[in-house]
Amino acid sequence: MSGSLSGILGLVEISNGESGDMHTEADDTELHSTFCDRLSDWLRPKDEYSFVHKNCACVILKDIKSRGELELAGIKLSRIFDQPHYHLGRALPFHVSAGFTRLEGKNTDIALAMQQAGIALAEARQSTTLFKVYSPQKARNIKEESELLERMQEALERGEFHLYYQPKIHAGYRNLIGAEALIRWHTRGNEILTPDRFIDLAERNDIIGPLTWWVIKSAAFQLSQWPKELSIAVNISPALLLNDDILAVVSDALDIYNVKPSRMHLEVTEKIMMSEQERMLAQLARLKEIGVRISIDDFGTGFSSLAYFRDLPFDEIKIDKSFVQHMLDSEKDYAIVKAVIDLAHNFNLKVVAEGVHTIAIADRLAEMRCDFLQGFVFDQPLPVEEFESRYRI
Ligand code: C2E
Ligand code: CA
Ligand code: CA
């Protein structure tokens with residue numbers, strides 16, 4: 001594969017499909033020979049390939065000049081590898097992924113192109129599409145993300161994360177009943193990063209576990225410092241709810257700081273019910289056994305289902321701010337807020353309205369018998385010292 005190259009360099013990889021345990025050495029040999037056969041079906045006579053290892057081939061697709069032509073080659077690849085292969089009377093499971101990159105000019109750096117195709121291949125493995133094409137912008141994003149992830153790891157060890165507290169106010173009496181803990185990252189560069197900059201990345205990586213365990217422990221400590229009538233709500237990412245460690249972390253934190261479990265609220269979004277409903281319900285039931293309260297966050301933005309009211313063991317609904325903010329100008333938003341409050345009360349659930357921006361909205365929510373209010377009209381999330389001095393704790 002030397003000389004003057006133009007077109008596309010690709011890495012195509014075959015793996016054992018899903019039932020890896022059942023594979024034998026004979027299966028592996030069969031897999032390799034299927035791989036060879038299908039690669040030859042896919043490639044045109046002018047293309048070239050060689051094996052990087054048994055299950056991964058480097059291919060050169062000659063004279064492919066446009067994205068459209070490459071898409072066609074990719075579609076043909078999917079079609080060819082989509083066909084099942086039967087061996088000794090059973091279908092041999094396998095999975096194929098590919099990463100492509102452009103080769104331009106005469107002096108193409110093959111080592112660099114292999115690296116780029118490898119990045120695209122890694123992306124393809126994680127995705128539902130069979131192949132990905134390397135893009136410098138995407139590679140930059142991946143690099144930036146991996147640097148941010150590394151910095152987060154260090155930040156956690158160095159104590160750069162802080163919990164800010166936003167008051168939850170009783171709608172009728174307007175007194176403080178508790179707070180929502182919202183994470184902030186005080187970077188060494190003196191920036192204060194809000195969660196929209198890093199939570200999503202944390203959720204896509206294992207660091208969300210340690211980060212959330214830290215949040216739970218810090219909130220438990222804070223509860224031990226505050227009057228017994230105050231509660232603290234922490235946000236739990238949907239995937240973590242199924243993590244077995246959460247039960248031990250929550251109950252240990254409450255034990256260590258000697259805090260009544262009902263003072264800790266776990267906020268989860270409707271997304272939790274999108275997968276593994278049975279396990280999710282069992283896990284929620286175990287958390288309820290510990291005695292913590294469960295709130296459904298951002299209610300109305302996801303798959304708001306009436307079945308939640310019947311099936312889910314939760315205590316509180318937080319109506320999403322997108323409905324609350326405009327409820328006095330939009331009859332529809334008003335009707336939604338009213339309906340959710342009434343429905344929730346029929347099921348003995350408490351209701352929090354989020355995103356309360358004006359006293360007029362707060363007053364109307366109180367008339368509608370909404371239980372608790374949260375929003376900028378009272379306070380933004382505050383550092384703990386500021387929160388304590390403002391509310392004379
Ligand atoms: P969320 O749970 O819905 O939290 C409320 C967000 O709305 C907060 O943004 C808060 O500052 C903001 N907010 C409060 N009152 C108002 C208001 O009146 N108007 C408007 N426009 N916004 C208001 P923040 O702190 O940037 O947090 C964003 C999201 O990040 C949170 O949304 C939550 O999903 C996530 N998050 C925050 N802390 C944590 C955490 O410790 N763990 C996890 N997993 N997620 C967290
Ligand atoms: Ca929340
Ligand atoms: Ca919310």
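Atoms within a ligand are numbered from 1 in the order they appear, just like the ligands themselves.
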Asks: Using a strict cut-off of less than 4.0 Å between a Lys/Arg side-chain nitrogen and an Asp/Glu carboxylate oxygen, indicate whether R67 and E71 qualify as a salt bridge.
Replies: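 Between E71 and R67 there is a salt bridge, with a charged N closer than 4.0 Å to a carboxylate O.
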Asks: Please say whether D196 places an N or O atom under 3.5 Å from an N or O atom belonging to ligand 1.
Replies: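 There is no such contact.
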Asks: Between I183 and ligand 1, does any nitrogen or oxygen pair lie at a separation below 3.5 Å?
Replies: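 So ligand 1 has an N or O lying under 3.5 Å from an N or O of I183.
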Asks: So which protein heavy atom does atom 21 (N) of ligand 1 come closest to, and at what separation?
Replies: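 The closest heavy atom on the protein side is Q325 NE2, 3.4 Å.
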Asks: When you measure from the heavy atoms of Q380 to every atom of ligand 1, does any distance fall below 4.0 Å?
Replies: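 The answer is no, since Q380 has no heavy atom less than 4.0 Å from ligand 1.
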Asks: Apply side-chain hydrogen bond (donor to acceptor under 3.5 Å, both in side chains) to the pair Q166 and Q380, showing each step before the final yes or no.
Replies: CA-CA 6 Å; Q166 186 178 36; Q380 309 227 349; over 6 Å; no
Asks: Indicate whether any N or O donor in one side chain lies under 3.5 Å from an N or O acceptor in the other, for Y334 and D329.
Replies: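 No.
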Asks: Would you say the side-chain atoms of S305 pair up with the backbone N or O of A307, donor to acceptor, closer than 3.5 Å?
Replies: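 Answer holds: yes.
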Asks: Under 4.0 angstrom from ligand 1, any heavy atom of H357?
Replies: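 Distance cut 4.0 Å: H357 passes for ligand 1.
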Asks: In terms of the angle between their ring planes, are F81 and F94 parallel, tilted or perpendicular, with boundaries placed at 30° and 60°?
Replies: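 Because their plane-to-plane angle is over 60°, the rings of F81 and F94 count as perpendicular.
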Asks: Please round to the nearest 0.5 Å and tell me the distance separating atom CZ of F376 and atom CD of E354.
Replies: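 Between F376 CZ and E354 CD, I get 10.5 Å after rounding to 0.5 Å.
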Asks: Could you tell me which atoms of ligand 1, counted from 1 in the order shown, lie closer than 4.0 angstrom to a heavy atom of E180?
Replies: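 In order of numbering, the contacting atoms are 2 (O), 4 (O).
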Asks: Would you name the N/O/S atom of E267 that lies closest to the Ca ion (ligand 2)?
Replies: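 Distance check against the Ca ion (ligand 2) picks out OE1 in E267.
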Asks: To the nearest 10 degrees, calculate the angle at the Ca ion (ligand 3) involving OE1 of E354 and OD1 of D298.
Replies: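 Value, to the nearest 10 degrees: 100°.
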Asks: Do you know which of R204, K138, R140 makes salt bridge (Lys or Arg N to Asp or Glu O under 4.0 Å) with E145?
Replies: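 For E145, the salt bridge (Lys or Arg N to Asp or Glu O under 4.0 Å) test succeeds with only one of R204, K138, R140, which is R204.
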Asks: Output yes when a protein non-hydrogen atom is found under 4.0 Å of atom 32 (O) of ligand 1, and no otherwise.
Replies: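 No, there is none.
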Asks: Please work out whether the ring planes of W185 and F161 are parallel, tilted or perpendicular, with thresholds of 30° and 60°.
Replies: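 Aromatic pair W185/F161 classed tilted.
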Asks: Is it true that N243 and Q283 share a donor-acceptor pair across their side chains at a distance under 3.5 Å?
Replies: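 Side-chain D/A pair, Q283 to N243: absent.
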Asks: For atom 27 (O) of ligand 1, grab the closest protein heavy atom and report residue, atom and distance to one decimal in Å.
Replies: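 Ranking protein heavy atoms by distance from atom 27 (O) of ligand 1, first comes P195 CG, 3.3 Å.
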Asks: Give yes if a backbone or side-chain nitrogen or oxygen of Q374 is under 3.5 Å from a nitrogen or oxygen of ligand 1, and no if not.
Replies: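 No, Q374 has no N/O under 3.5 Å of an N/O on ligand 1.
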Asks: Which atoms of ligand 1 sit under 4.0 Å from any heavy atom of G375?
Replies: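 The atoms of ligand 1 under 4.0 Å from a heavy atom of G375 are 15 (N), 18 (O).
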Asks: Where the closest heavy atom to atom 46 (C) of ligand 1 is concerned, which of L373, T301, N235 has it?
Replies: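 Closest candidate by heavy-atom distance is N235.
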Asks: Short N/O distance, under 3.5 Å, between Q166 and ligand 1?
Replies: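 Looking only at distances, the answer is yes, because the N/O contact criterion of under 3.5 Å is met.
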Asks: Can you tell me if K318 contacts ligand 1 (heavy atom of the residue under 4.0 Å from the ligand)?
Replies: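 K318: no contact with ligand 1 (<4.0 Å).
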Asks: Among all protein heavy atoms in this structure, tell me which lies nearest to atom 22 (N) of ligand 1, with the distance rounded to 0.1 Å.
Replies: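 Checked against all protein heavy atoms, atom 22 (N) of ligand 1 sits closest to F376 CZ, 3.4 Å.
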Asks: Can I199 be said to touch ligand 1, with heavy atoms closer than 4.0 Å?
Replies: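 Judged by the 4.0 Å heavy-atom criterion, I199 does count as contacting ligand 1.
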Asks: Could you identify the single nearest non-hydrogen protein atom to atom 11 (O) of ligand 1 and state the distance to 0.1 Å?
Replies: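 Atom 11 (O) of ligand 1 sits closest to the protein heavy atom P381 CG, 3.2 Å.
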Asks: Out of E203, R184, K321, who gets a non-hydrogen atom closest to atom 12 (C) of ligand 1?
Replies: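 The nearest heavy atom belongs to K321.
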Asks: Out of curiosity, is D298 lining ligand 1, as in a heavy atom under 4.0 Å away?
Replies: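 Right, D298 reaches ligand 1.
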Asks: Is any side-chain N of the basic residue among K288 and D315 closer than 4.0 Å to the acidic one's carboxylate O?
Replies: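 Looking at D315 together with K288, the answer is yes, because their closest N to O distance falls below 4.0 Å.
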Asks: Can you name the N, O or S atom of E180 that is closest to the Ca ion (ligand 2)?
Replies: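 Per the distance ranking, E180 contributes OE2 as its closest N/O/S atom to the Ca ion (ligand 2).
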Asks: Using the Ca ion (ligand 2) as the vertex, how large is the angle between OD1 of N235 and OD2 of D297, rounded to 10 degrees?
Replies: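 That angle works out to 90° after rounding to 10°.
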Asks: Using the six-membered ring wherever Trp is involved, compare the ring planes of H170 and F372 and label them parallel, tilted or perpendicular (cut-offs 30° and 60°).
Replies: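 H170 and F372: perpendicular rings.
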Asks: Could you check atom 44 (N) of ligand 1 against the protein and tell me its nearest heavy-atom contact, residue, atom and distance included?
Replies: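 Answer for atom 44 (N) of ligand 1: S237 OG, 3.2 Å.
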Asks: When you check the side-chain N and O atoms of D37 and H85, is any donor under 3.5 Å from an acceptor?
Replies: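 No pair is found: no donor N or O on one side chain lies under 3.5 Å from an acceptor on the other.
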Asks: Is the closest protein non-hydrogen atom to atom 9 (O) of ligand 1 under 4.0 Å?
Replies: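 Given the 4.0 Å limit, the answer for atom 9 (O) of ligand 1 is no, no protein heavy atom qualifies.
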Asks: Give the C-alpha distance, both sets of side-chain angles, the deciding distance and a yes or no for salt bridge (Lys or Arg N to Asp or Glu O under 4.0 Å) between E147 and R151.
Replies: CA-CA 6 Å; E147 283 166 5; R151 279 176 51 208; over 6 Å; no
Asks: Between D320, V215, V234, which one has a non-hydrogen atom sitting closest to atom 41 (O) of ligand 1?
Replies: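 Going through D320, V215, V234 one by one, V215 has the nearest heavy atom to atom 41 (O) of ligand 1.
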Asks: Going by the angle between their ring planes, with limits at 30° and 60°, are H32 and F51 parallel, tilted or perpendicular?
Replies: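 Answer is tilted, since the angle falls between 30° and 60°.
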Asks: Do the side-chain N and O atoms of S237 and E203 include a donor-acceptor pair separated by under 3.5 angstrom?
Replies: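 Indeed, the side chains of S237 and E203 share at least one donor-acceptor pair under 3.5 Å.
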